[in-house]
Amino acid sequence: MNEKEEFSKRLSDAMVQAGYALRPVVLEREFNTRYWGRSVTLQAVRRWLRGEAIPSQEKLQVLADWLKVEPQVLRFGEAVRNSIQQHKERWDEGVGYLERETFDAFLKLPAPQRKIIREVILTFAKVHNDAEAQPGKPQA
């Protein structure tokens, strides 16, 4: 399934879950009553439901608010939200006071100095990862 078809399935599921009939006229009517921009056509919403198009971010936000779904879940699916949540949890668990203090100091530096520090850290990380990938090789 491609990205547009996956969006179409999530939109359809959200409409059904919210108790709406899965019909383009229903989607057109409900969307246009909530959207303050130029009204969308029946043809446009039909394309959303058929998996032929994905609405703009602004329209996606209106759909998500109406259907009580998180916009990123409607657009990209649960897997993306779960991945973001896992990354955030890992970040929260792995960062202690010393790291946060270091990050704060880093963010206060001017951009050219941050760039140098970033390159130093990335170089250390690369050497470390290379050494782990080749056990038995002496580390520098």
Side-chain angles (χ1 to χ4, degrees):
M1 213 182 306
N2 71 31
E3 187 178 359
K4 292 174 186 174
E5 291 169 341
E6 290 170 359
F7 168 76
S8 170
K9 175 149 180 30
R10 287 188 295 273
L11 176 59
S12 299
D13 291 347
M15 284 182 67
V16 170
Q17 192 93 25
Y20 292 93
L22 190 54
R23 299 181 55 216
V25 292
V26 172
L27 178 55
E28 178 198 24
R29 180 189 67 232
E30 295 298 328
F31 178 84
N32 285 331
T33 61
R34 291 164 175 80
Y35 184 61
W36 291 99
R38 191 170 157 201
S39 296
V40 295
T41 64
L42 187 59
Q43 180 182 4
V45 297
R46 194 173 281 136
R47 292 184 71 218
W48 296 348
L49 289 172
R50 286 184 183 159
E52 297 171 358
I54 296 175
S56 68
Q57 184 62 35
E58 180 183 30
K59 291 177 178 138
L60 191 75
Q61 183 67 48
V62 172
L63 289 169
D65 289 345
W66 162 48
L67 297 170
K68 308 285 189 272
V69 188
E70 294 177 47
Q72 68 271 21
V73 172
L74 183 59
R75 175 61 177 87
F76 300 107
E78 283 287 335
V80 170
R81 184 181 76 180
N82 293 341
S83 172
I84 291 169
Q85 185 63 32
Q86 287 173 351
H87 183 75
K88 183 182 180 310
E89 288 171 7
R90 191 173 132 240
W91 178 261
D92 288 343
E93 291 170 4
V95 178
Y97 172 76
L98 293 176
E99 290 85 2
R100 291 178 195 277
E101 182 180 45
T102 304
F103 296 150
D104 285 340
F106 171 80
L107 293 172
K108 291 176 184 174
L109 294 172
Q113 290 178 338
R114 283 198 316 251
K115 184 176 180 183
I116 293 169
I117 298 299
R118 179 181 180 274
E119 291 300 321
V120 170
I121 292 170
L122 292 175
T123 301
F124 273 107
K126 183 178 182 333
V127 169
H128 176 73
N129 289 339
D130 290 348
E132 282 185 346
Q134 300 173 7
K137 184 179 176 184
Q139 294 185 14

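Predicted model, so just to flag it, every value in this text is computed and none were measured.
Residue-environment remark: CZ (Arg114) exceeds the threshold of 12 foreign heavy atoms within 6.0 Å. Environment of CZ in Phe124: sparse, with no more than 12 heavy atoms of neighbouring residues, nucleotides or ligands closer than 6.0 Å. The number of heavy atoms from other shown groups lying within 6.0 Å of CZ (Arg29) is above 12.
For the atom pair CG of Leu22 and CG of Leu11, the computed distance is 8.0 Å after rounding to the nearest 0.5 Å. Atom CZ in Phe31 sits 4.5 Å away from atom CH2 in Trp48 (nearest 0.5 Å).
Closest non-hydrogen pair, Phe106 versus Arg118, comes out as CE1-N, 4.4 Å. The two residues Arg10 and Leu74 make their nearest non-hydrogen contact at NE-O, 2.9 Å. Residues Leu63 and Pro55 come closest through the heavy atom pair CD1-CG, 3.8 Å. Between Leu60 and Pro71, the closest heavy-atom pair is CD2-O, 3.9 Å.
Two different hydrophobic clusters hold Phe76 and Met15 under the rule that ILVMFWY side chains link at heavy-atom gaps under 4.5 Å. Val62 and Val73 fall within a single hydrophobic cluster, where Ile, Leu, Val, Met, Phe, Trp and Tyr are joined by side-chain heavy atoms under 4.5 Å apart, directly or via other members. Hydrophobic clustering, with ILVMFWY side chains joined whenever heavy atoms are under 4.5 angstrom apart, keeps Val127 apart from Ile117. Taken together through direct or relayed side-chain contacts under 4.5 Å among Ile, Leu, Val, Met, Phe, Trp and Tyr, Phe103 and Ile121 form parts of separate hydrophobic clusters. Tracing side-chain contacts under 4.5 Å through hydrophobic residues (I, L, V, M, F, W, Y), one reaches Val26 starting from Leu49; they form part of the same cluster.
Side-chain atoms of Gln61 do not come within 3.5 Å of backbone N or O of Glu58 as any donor-acceptor pair. In terms of modelled atom types and a separation under 3.5 Å, the side chain of Thr102 and the main chain of Leu98 share a donor-acceptor contact. Checked by atom type and distance alone, the side chain of Arg47 never pairs as donor or acceptor with a backbone atom of Gln43 at under 3.5 Å.
Of the charged side-chain nitrogens involved, none lies within less than 4.0 Å of a carboxylate oxygen, so that Arg100 and Asp104 do not count as a salt-bridged pair. Glu70 has no carboxylate O lying under 4.0 Å from a charged side-chain N of Arg75, or vice versa, which leaves the two without a salt bridge. Salt bridge annotation for Lys115-Glu119: absent, with no cationic side-chain nitrogen under 4.0 angstrom from a carboxylate oxygen.
The closest side-chain heavy-atom distance from Glu5 to Asn2 is below 4.5 Å. Using a 4.5 Å heavy-atom threshold, the side chains of Glu3 and Ile54 count as touching. Proximity of Val40 to Leu27: side-chain heavy atoms (C-beta onward) are nowhere separated by under 4.5 Å. Using a 4.5 Å heavy-atom threshold, the side chains of Ile116 and Leu109 count as separate. Using a 4.5 Å heavy-atom cutoff, the side chains of Gln17 and Val69 are not in contact.
Residues satisfying the salt bridge (Lys or Arg N to Asp or Glu O under 4.0 Å) test with Arg50, not counting sequence neighbours, are none.
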